[in-house]
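Single-structure report; data block below.
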There are 2 protein chains.
Amino acid sequence: MSKTQFDRQDVLHKATSLFWRVGYNATSMQALFKVTGLKPGSVYLAFGNKEGLFKESLKFYASASIDKLNKKFKQNQSVEKIICDLLFSFVEEAVQSEYCSCYLVKSQLELDDQPQTKHYIAEYLAAIEKIYVEQLATIYPVEEAQIKAMSIMIHIFGLRVYGYHTQNKQSMLSSLQLGLPWLPWPS
Amino acid sequence: MSKTQFDRQDVLHKATSLFWRVGYNATSMQALFKVTGLKPGSVYLAFGNKEGLFKESLKFYASASIDKLNKKFKQNQSVEKIICDLLFSFVEEAVQSEYCSCYLVKSQLELDDQPQTKHYIAEYLAAIEKIYVEQLATIYPVEEAQIKAMSIMIHIFGLRVYGYHTQNKQSMLSSLQLGLPWLPWPS
DNA sequence: AAACAACTTGAACGCTCATTCAAAACATGA
DNA sequence: TCATGTTTTGAATGAGCGTTCAAGTTGTTT
């Protein structure tokens with residue numbers, strides 16, 4: 001080994017922000033050079049090409065999301081209470097003005113002509129769903145846990161899209177309570 | 001008037017297919033020339049530019065969707081039964097191999113940096129939601145109808161995303177039944 | 001049949017895109 | 001200190017992008 005490379009985590013973080021906000025196709029390499037501070041050669045040596053950088057950025061985001069979710073479930077509260085908290089925070093996110101959905105959801109929809117990338121994203125989303133299934137399986141029969149987890153995922157995806165054109169936090173919460181009545185909503 | 005223009009509906013139909021499948025940014029004008037059979041000049045005279053064509057294509061799709069929905073509700077069945085049928089057909093759609101979500105949903109997520117276009121799409125989606133609200137308001141108090149309609153929209157959006165990585169029709173239906181228990185699901 | 005207006009044609013334009021690569025800078029081992 | 005291998009630099013490249021426009025075609029009016 002000789003000279004150590006640039007801070008890979010930092011670069012991935014910056015690239016992820018841009019890809020997430022602007023989308024894969026609308027993000028130019030020149031914009032990525034600017035935001036990361038890297039020159040073309042460095043990026044191409046380290047990641048191969050635009051798609052390589054994108055895939056690694058997806059992985060970076062997905063791993064962080066999964067870690068965060070796992071950590072949440074390590075809290076000393078009931079599984080269902082934790083899920084309520086999570087949904088609450090998703091609603092909070094969704095009404096932010098610079099909200100740009102979930103990076104995985106957005107990319108999934110944008111890149112359905114690239115089967116390989118699509119497949120990766122689907123696996124990350126499935127991994128997230130699996131966490132919900134496992135947690136719910138501690139209090140429900142497996143089959144019921146699976147259906148409930150899927151219902152949660154559908155609601156999360158729905159929020160990710162609905163959040164784009166609604167600022168009304170209260171009615172979003174009401175709809176969640178209607179669609180997920182088996183969760184322990186406050187009051 | 002002199003020479004009549006090309007068949008506008010036909011061109012919009014073809015352009016919509018391409019934009020829908022490939023996405024706005026990944027669709028090139030040259031590809032649009034090919035698929036529509038038009039030459040650059042014709043397109044630019046009729047639609048102004050790429051964005052103009054795109055906006056008109058969104059309108060074309062939205063109007064067709066809204067008409068279709070209104071027609072559905074003219075059927076001689078209960079509102080809730082009709083909604084069940086619709087959700088059923090959305091699940092059917094979602095498991096098709098060439099499924100590419102809803103054009104409006106997809107575009108909404110891809111183009112959040114273009115506030116004007118985003119606003120248009122949000123209005124179309126709001127118009128669709130309004131139809132559900134009005135129909136549900138014939139059997140529920142207005143406020144309840146609004147929450148229920150929003151819950152339906154969240155489920156539809158959720159399906160539109162979830163459908164990308166699941167082929168399992170039965171579990172999707174089970175999740176819908178769990179999330180929308182107030183609908184008259186068959187047996 | 002001539003003049004006019006509306007539409008179509010398609011080559012051409014400037015620009016930005018993703019990508020390349022030879023040269024320079026740098027860290028390490030001998 | 002020098003040789004070696006790795007990383008960075010940044011100008012350059014060709015391909016493809018969205019768009020333009022002068023010339024050609026076609027239908028209508030007189």
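A quick note: this is a predicted structure, and the numbers were derived from the prediction, not measured. Here is the naming used below: chain letters follow the sequence lines, and residue numbers restart at 1 for every chain.
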What is the distance from [atom1] of [X] to [atom2] of [N], rounded to the nearest Å?
{"X": "B:Gln5", "N": "C:dT9", "atom1": "CD", "atom2": "C1'", "value": "14 Å"}
{"X": "A:Phe47", "N": "D:dT8", "atom1": "CZ", "atom2": "P", "value": "10 Å"}
{"X": "B:Arg8", "N": "C:dT8", "atom1": "CZ", "atom2": "C1'", "value": "15 Å"}
{"X": "B:Asn25", "N": "C:dC17", "atom1": "CG", "atom2": "C1'", "value": "13 Å"}
{"X": "B:Glu51", "N": "D:dC17", "atom1": "CD", "atom2": "P", "value": "19 Å"}
{"X": "B:Leu53", "N": "D:dG18", "atom1": "CG", "atom2": "C1'", "value": "12 Å"}

Task: Between B:Ser151 and A:Ser175: side-chain donor-acceptor atoms closer than 3.5 Å - done: no
Tell me whether [X] is salt-bridged to [Y], with the criterion being a basic N under 4.0 Å from an acidic carboxylate O.
{"X": "B:Asp113", "Y": "B:Lys118", "result": "no"}
{"X": "B:Glu123", "Y": "B:Lys59", "result": "no"}
{"X": "A:Lys106", "Y": "B:Asp112", "result": "yes"}

Open item on the list: Below 4.0 angstrom, which residues in residues 31-45 of chain B have at least one non-hydrogen atom near DNA chain D?
Closed with: B:Phe33, B:Pro40, B:Gly41, B:Tyr44
TODO: May I have all residue pairs that pass salt bridge (charged side-chain N to carboxylate O under 4.0 Å, His left out) and include part of residues 69-82 of chain B, sequence neighbours excluded?
DONE: B:Lys81-B:Asp85
- [ ] Please identify each residue that fulfils ring pair (Phe, Tyr, Trp, His ring centres under 6.0 Å) with B:Tyr124, with sequence neighbours left out.
- [x] none
Open item on the list: Below the 4.0 Å mark, does C:dA18 have OP1 or OP2 next to a side-chain nitrogen or oxygen of A:Gln30?
Closed with: yes
Open item on the list: When you measure from the side-chain N and O atoms of A:Ser28 to the phosphate of C:dC17, is any distance below 4.0 Å, counting only OP1 and OP2?
Closed with: yes
- [ ] Could you work out which one of D:dT8, C:dA18, D:dT19 sits closest to the side chain of B:Met29?
- [x] D:dT19
